[in-house]
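To keep things clear, I will list the structure first and then write my remarks on it.
Just so we're on the same page: letters track the sequence lines, and every chain starts at 1.
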Amino acid sequence: MTGARDLILGRVRESLGRAGATGEDAARRERVATRLREHPKGVVPEPADGKDAVIGQFMAKAQAAGATVEKVKRDDIARAVSAFLRSHNLPQQLRMGADRRLKRIAWQTRGAPERRAGPSDGNDLAGLSYAFAGAGETGTLVLFSGADNPTTVNFLPENHIVLVDAKDIAFDYETVWSKLRRKTGAGTMPRTVNLITGPSRSADIEQTLIMGAHGPVRLHVIVVTN
Amino acid sequence: MKEPESLLREARGILREKFLAADVGITGANFLVAETGTSVIVTNEGNGDLTQTLPKVHIVLASIEKIVPTLEDMSQILRLLARSATGQEMSVYTTLSTGPRRKSDPDGPEQYHVILLDNGRSTMLGTEFQDMLRCIRCGACMNHCPVYQAVGGHAYGWVYPGPMGAVLTPTLIGVDKAGHLPNASTFCGRCEAVCPMHIPLPKMMRHWREREFERHLAPSEYTSNLKLWAWFAKRPPMYRFAARLAATSLRLLARRRGRFSTLPMAGAWTKDRDLPAPQGGTFISQWKRQRGSRR
Ligand code: SF4
């Protein structure tokens, strides 16, 4: 293992004209460490003007990517979720994780969707997740793995409903990474981070675009305001 | 349902069972992030995601040039990838995997292995092909290439089609086996113009042609014919005379049909199609005539 690694790194150094170098070169090490520590931004698109514009762009871009999008008050989440299921003729059943924000939803006592806890085994028609963040530049949702929002809920059910708090919608990906570093600590990551932009699709057959290749056929995004 | 849709539904159902039953999922990586030890996969379908979520073991096979320093560096290239590949602003799924499932995770693989491959990359460094290591396999060069449009992907005979293949394949399997790829270019330059990573593809194809020439790999008829052509090309009056002679005699030979279905020394061409006979004189004579009539 280490043999192959040394061989490759040795060849890299040689090709770069640094034959004989050991990798212990302090100045180069420091340059690498600085780059990783400071993670400077590259070219970032100019953000939409103001928080409302960012949310507006997030919704428009997600829609352009094939998702359906609505903005609802926190108290109306249960009604919006039920209405989505009904409008697609789906049973009132949901797969969802243990996120506290999901538990706090004010489900009605009568006619509320049946909630199944835990990861999906592929037999659920609809899944409900709470996103960590949104990126307005492309209408992208950011979710990560764990008991709160199991990754299988993002991919196995044919219908995926994702809640995202309006306050968690940033403009660019870089802002989301800063937020993630604050949450998990710099240099550490959850097992899986999913950036999701619209429902699954394929154009591999006759170059015809069809939704629902291996992931959800429908993605419904609910932007939650207070 | 229309046919493509029912085919996709069928594939979804059958492959879903395979994804659920598999013990090991193997993916490549669009990027590897040094900052966090993360592998990144970009898809529209979600196949890569099922592969790295459902099986017990996730193995990543990727070559070393996929490594970027930070999440910021990944984001910058990510903005180029989908736009150049499919014209989307962002692909549907960009998935970052870091390590196996955590203690409290209810799903995800129990093991995660990353295998870094060199596969010729370290020897490309420091050569005139170094720029090619920036390639993100978006395929823009290929989609804009007139040669690729005419011959299609399989004609390239190896993993990478289009201009990127014409540059990469000789580095991976040798210019002696793949020298015809960098030769099959019109050098129109569209590949370089559309490449989001600013890779000078035509320049590198030219380097391959030089190397092939230096190593005397081109077939002897090829070089002797080129020498013959060069002799004439350096003597314009002779060139014009020979061109006129050839055009006229071919026209006369072809008679009213205007084409040849067999011709000595052009068997490879006429095997699958006719060779049209020259009509209306040489380029120079037509040029003179047209300029004269415009005045
Ligand atoms: S050479 Fe450039 S255009 Fe072609 S696939 Fe690579 S990055 Fe894309």
Quiz item: Checking heavy atoms, do the side chain of A:V32, its backbone, both or neither come under 4.5 Å from chain B?
Solution: neither
Practice problem: Measure the shortest side-chain to side-chain distance between B:Q88 and A:T197 over non-hydrogen atoms and say whether it is less than 4.5 angstrom. | Solution: no
Quiz prompt | Part of residues 214-222 of chain A lying next to chain B, heavy-atom separation under 4.5 Å | solution = A:H214, A:G215, A:P216, A:V217
Quiz item: Can you tell which of B:D49, B:T53, B:L50 makes a side chain to side chain contact (heavy atoms under 4.5 Å, CB included) with A:T152?
Solution: B:T53
Quiz item: chain B heavy atoms under 4.5 Å from A:S202: which part of the residue, side chain, backbone, both or neither?
Solution: both
Quiz item: Do the side chains of B:Q52 and A:R191 get nearer than 4.5 Å, heavy atoms only?
Solution: yes
Quiz item: Where the side chain of A:S200 meets the backbone of B:E45, is there a donor-acceptor pair that is under 3.5 Å apart?
Solution: yes
Self-check item: Contacting moiety of A:D148, where chain B heavy atoms sit under 4.5 Å
Solution: neither
Quiz item: Does B:T94 use its side chain to pair, donor to acceptor, with the backbone of A:L195 at less than 3.5 Å?
Solution: no
Quiz item: Contact part of A:E137 toward chain B, heavy-atom cut-off under 4.5 Å: side chain, backbone, both or neither?
Solution: both
Self-check item: side-chain hydrogen bond (donor to acceptor under 3.5 Å, both in side chains) partner of B:E35, the single match among A:H39, A:R37, A:R181
Solution: A:R181
Quiz item: B:R79 versus A:Y173: any side-chain heavy-atom pair under 4.5 Å?
Solution: yes
Exercise. Measure distances from A:I196 to the heavy atoms of chain B and classify the residue's part below 4.5 Å as side chain, backbone, both or neither.
Key: both
Quiz item: Which bit of B:R16 is near chain A, if near means a heavy-atom gap under 4.5 Å: side chain, backbone, both or neither?
Solution: side chain
Exercise. Examine whether an atom of A:E38 lies under 4.5 Å from a heavy atom of chain B, and if so say whether it belongs to the side chain, the backbone or both; otherwise answer neither.
Key: neither
